[in-house]
Number of protein chains: 2
Amino acid sequence: MATKDNVTIADIAQRAGVSASTVSRVLSGTTHVAEAKRDAVLNAVTALNYQPNVFARSLASGQSMIIGVLTQNFGSPFYDAIMQGVVKGLTGTDYFPIFADGQWQAAIEVEAVQAMLRRQIDGLVVLGGFLGYKEVKQLIGDIPLVMVVNRANGYEVNSIFIDNVEAAYLATRHLIELGHRRIGHICGRLDHPDARDRRLGYLKALEEAGIQPDPELVIEGTFRRQSGVLALEMLLSRGKSFSALFAANDQMAFGARLALYRRGIRVPEDVSLVGFDDEPVAAFMIPPLTTMRQPAIELGLEAARFMLARLKGETIRPARLKAELIVRESTAISR
Amino acid sequence: MATKDNVTIADIAQRAGVSASTVSRVLSGTTHVAEAKRDAVLNAVTALNYQPNVFARSLASGQSMIIGVLTQNFGSPFYDAIMQGVVKGLTGTDYFPIFADGQWQAAIEVEAVQAMLRRQIDGLVVLGGFLGYKEVKQLIGDIPLVMVVNRANGYEVNSIFIDNVEAAYLATRHLIELGHRRIGHICGRLDHPDARDRRLGYLKALEEAGIQPDPELVIEGTFRRQSGVLALEMLLSRGKSFSALFAANDQMAFGARLALYRRGIRVPEDVSLVGFDDEPVAAFMIPPLTTMRQPAIELGLEAARFMLARLKGETIRPARLKAELIVRESTAISR
DNA sequence: CTGTTAGCGCATTCAT
DNA sequence: ATGAATGCGCTAACAG
């Protein structure tokens, strides 16, 4: 550490006329210390601008006070918002977040987790990704794990997520209420529980409306933009007609939008389009995209809250959050 | 640290039949050690799956082996790509990056830097932002500082950046070659050197083409999307005509695009549009946006390379990278 | 080349 | 309530 942080606990002990242990005590607040000594210590701390050495502290205490956060894409506004929530939820506490990027690749996720482990994280928050709860748990051992966004099958008590079935149901129902009967669906990767849940919600809405689902109107994508392009081309090549499309995320909706543009198919005049995630760009698309908004910052905050409780040994159950339909011009025209 | 990493240097010393110092030596590679002992140590390390304790190491060595990376927005694909570059440039080394988000707000930047400082970072990489070299330097003291993207005035030797004047010149010249004469420019915040350089490049291209610059065709934005919307509305309310627009970044170009759409002005038929940054969405806009691509990953890699050199006490000068014009349909039609 | 000896700065016993 | 002593795991200066 190039910064000379010479001032140590011993210095302030001397200046305050107490022992180092006492200083340590008032700093950690573990034991009662006489008012007078307490004040003397605190004064010395500010006077000398004392900064505790995190390494010495961690070495002695066995706690790193670091929370690892594994995201999938630093560049995604949605994950960004969650991370902001986590940061916000952690500020004011003694915990500090470190971030790693799994890039939607299981192998990289594993590496990233291991790298964080080497930094002795006290807890791990996983945002999205393909690693299941058990797999991650196996990597990290006993340290607390919180999964966000994608629910951990069978470990829902340690997961922060929205009701995806309900959300997809609402999105699809919106299209039905607009008068659509032939509604296509671009799924996410079906090895992903979110993708399965959203398809379920889509089917549930159709069923409720008495619409016979057409398997050929459902295409499996990868959650990536390019797969939205491909999905649309596949849909068209099948020659099936449809007047509306529900994509399992905005990225795929963007891809579909571009493919429609290239084919000269107008949105919303010819086809209505609904996405999922409410990425910032959705509001700035041409035309602006109707989409489901996940309360991203709140998810992050809740993850932090839950993690802190776990770290303190408390057992709380995570709050369940809801997605909200944001209606924009991509579904403006009813038929 | 909930993970019981009981196996220490002493354990492997015992198993290898050497002293702890010798173990430390083969691990750090600072001194030559006899082949036989070396192998014995290495074997013990793998046999016992030894993981060094970073805190003990840092406490003893005085080096954290942590590089702080201050970005402005985890959610920006451009900064994301730079961070990826930094990560890539650091993997394989003993250094580990930690990230903080300044959110394009000087006060938050300062806080973030201080939080990282508390983590005893050995070096700091600053991506973008409003803090100047001197200001950051004042915060961090003697530890190496590398500025990326925005050049540090007078400290160019410690900055990784592209030639913004040249880049903006190329963008504007592209429009001129298409036949445009009345070309508007949406600047970034002019307290930012990049914004000033890009305006300079814009003016340079006009001058070279013998086009009299019209101050009313130049609007100062904030680099944010919304300011692109406002800039366009201001341009229109001034009643000046223009057939092309060069925005100092893609975000503002997106905003301008939306405002044009709302006014019923077509791109590129009525107005050609050029952005800057080549954010992924640019390729998926309607129509796809012509823009300048900064070599983001390479910037990150170069930053890491430069930082590592500085850390080793070497003095190298940073490579200068170039932006590249990506021509898409938003400037498809010449006039 | 290698073992021995000291700390790094702090938390945490153990006494008092 | 508080000081003294001990150790967290490792590196580095000191001898040989």
Side-chain angles (χ1 to χ4, degrees), chain A residues 1-42 44-45 48-66 94 96 117-120 122, chain B residues 1-42 44-45 48-66 94 96 117-120 122:
Chain A
M1 287 81 71
T3 45
K4 283 264 186 268
D5 37 290
N6 6 27
V7 37
T8 78
I9 208 175
D11 298 325
I12 89 159
Q14 181 178 8
R15 194 176 211 273
V18 298
S19 76
S21 335
T22 301
V23 175
S24 175
R25 283 176 189 121
V26 331
L27 258 37
S28 61
T30 46
T31 322
H32 277 199
V33 173
E35 276 298 310
K37 305 209 183 232
R38 225 185 97 78
D39 292 346
V41 167
L42 260 24
V45 164
L48 272 50
N49 187 30
Y50 166 74
Q51 298 284 80
N53 181 315
V54 285
F55 299 121
R57 184 175 287 198
S58 295
L59 184 57
S61 71
Q63 288 185 270
S64 69
M65 308 307 280
I66 297 177
D94 289 327
F96 181 88
L117 238 33
R118 261 175 256 127
R119 290 332 268 196
Q120 323 273 102
D122 280 343
Chain B
M1 285 80 69
T3 46
K4 285 261 186 269
D5 36 290
N6 5 27
V7 37
T8 77
I9 208 175
D11 298 325
I12 87 158
Q14 181 177 8
R15 194 176 210 274
V18 298
S19 76
S21 339
T22 301
V23 176
S24 174
R25 282 176 190 122
V26 331
L27 259 37
S28 62
T30 46
T31 321
H32 276 200
V33 173
E35 276 298 309
K37 307 210 181 228
R38 225 185 99 79
D39 292 346
V41 168
L42 260 24
V45 164
L48 272 51
N49 186 30
Y50 166 76
Q51 297 284 82
N53 181 314
V54 286
F55 300 121
R57 190 182 287 221
S58 294
L59 184 58
S61 71
Q63 288 186 270
S64 68
M65 308 307 280
I66 296 177
D94 290 327
F96 181 88
L117 239 32
R118 263 175 254 128
R119 288 286 156 186
Q120 323 273 95
D122 280 343

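Scope of the values below: all heavy atoms of this structure, side chains included, with no hydrogens, waters or symmetry mates.
- By the 4.5 Å heavy-atom criterion applied to side chains, B:M65 and B:V54 are not counted as neighbours.
- Residues B:N53 and B:T8 have side chains not in contact (no heavy-atom distance under 4.5 Å, counting atoms from C-beta outward).
- Using five terminal pairs a side, the axes of the helix from C:dC1-D:dG16 to C:dT16-D:dA1 at its two ends make an angle of 40°, given in steps of 10 degrees.
- With C:dT12, C:dC1, D:dC10 as the choices, the nucleotide that has an atom nearest any side-chain atom of B:H32 turns out to be C:dC1.
- Side-chain contact check for B:R15 versus B:D11: every heavy-atom pair is 4.5 Å or farther apart.
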Could you walk me through whether B:N49 and B:V7 pass the side chain to side chain contact (heavy atoms under 4.5 Å, CB included) check? CA-CA 8 Å; B:N49 186 30; B:V7 37; over 6 Å; no

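- Note: CZ (B:F55) to P (D:dT11) measures 14 Å, nearest angstrom.
- Taking 4.5 Å as the limit, some side-chain heavy atom of A:V33 sits within range of a side-chain heavy atom of A:T22.
- Atom CE of A:M65 and atom C1' of C:dA11 are 13 Å apart (whole Å).
- Checking the phosphate oxygens (OP1, OP2) of C:dG9, no side-chain nitrogen or oxygen of A:R57 falls inside 4.0 Å.
- The side-chain heavy atoms of B:Q51 and A:L117, taken from C-beta on, include no pair separated by under 4.5 Å.
- Within the 4.5 Å cutoff, side-chain heavy atoms of A:Y50 are placed close to those of A:L27.
- Summarising the geometry, the separation between CZ on A:R118 and C1' on D:dG9 is reported as 18 Å, rounded to the nearest angstrom.
- The B:K37 side chain lies nearest to C:dG3 when the options are C:dC10, D:dT11, C:dG3.
- Within the nucleic acid shown, B:T31 comes within 4.0 Å of at least one base atom, counting heavy atoms only.
- Computed from coordinates, the A:Q51 CD to C:dC10 C1' distance equals 15 Å when rounded to whole Å.
- Among the nucleotides D:dA1, C:dC10, C:dT2, the one closest to the side chain of A:A34 is D:dA1.
- Within 6.0 Å of atom CG in B:D94, 12 or fewer heavy atoms from other residues, nucleotides or ligands are found, so the atom counts as exposed in its surroundings.
- Taking atom CG of A:D94 as the reference point, atom P of C:dC10 lies 15 Å away to the nearest angstrom.
- Within a heavy-atom distance below 4.0 Å of DNA chain D, the residues of residues 9-25 of chain B found are B:I9, B:S21, B:S24, B:R25.
- The distance from atom CD of B:Q120 to atom C1' of C:dC10 is 12 Å, rounded to the nearest whole Å.
- Looking only at distances, no side-chain donor or acceptor of A:S58 sits under 3.5 Å from a matching main-chain atom of B:F55.
- Relative to the side chain of B:L59, the nucleotides D:dT2, D:dG9, D:dA12 differ in distance, and D:dG9 lies closest.
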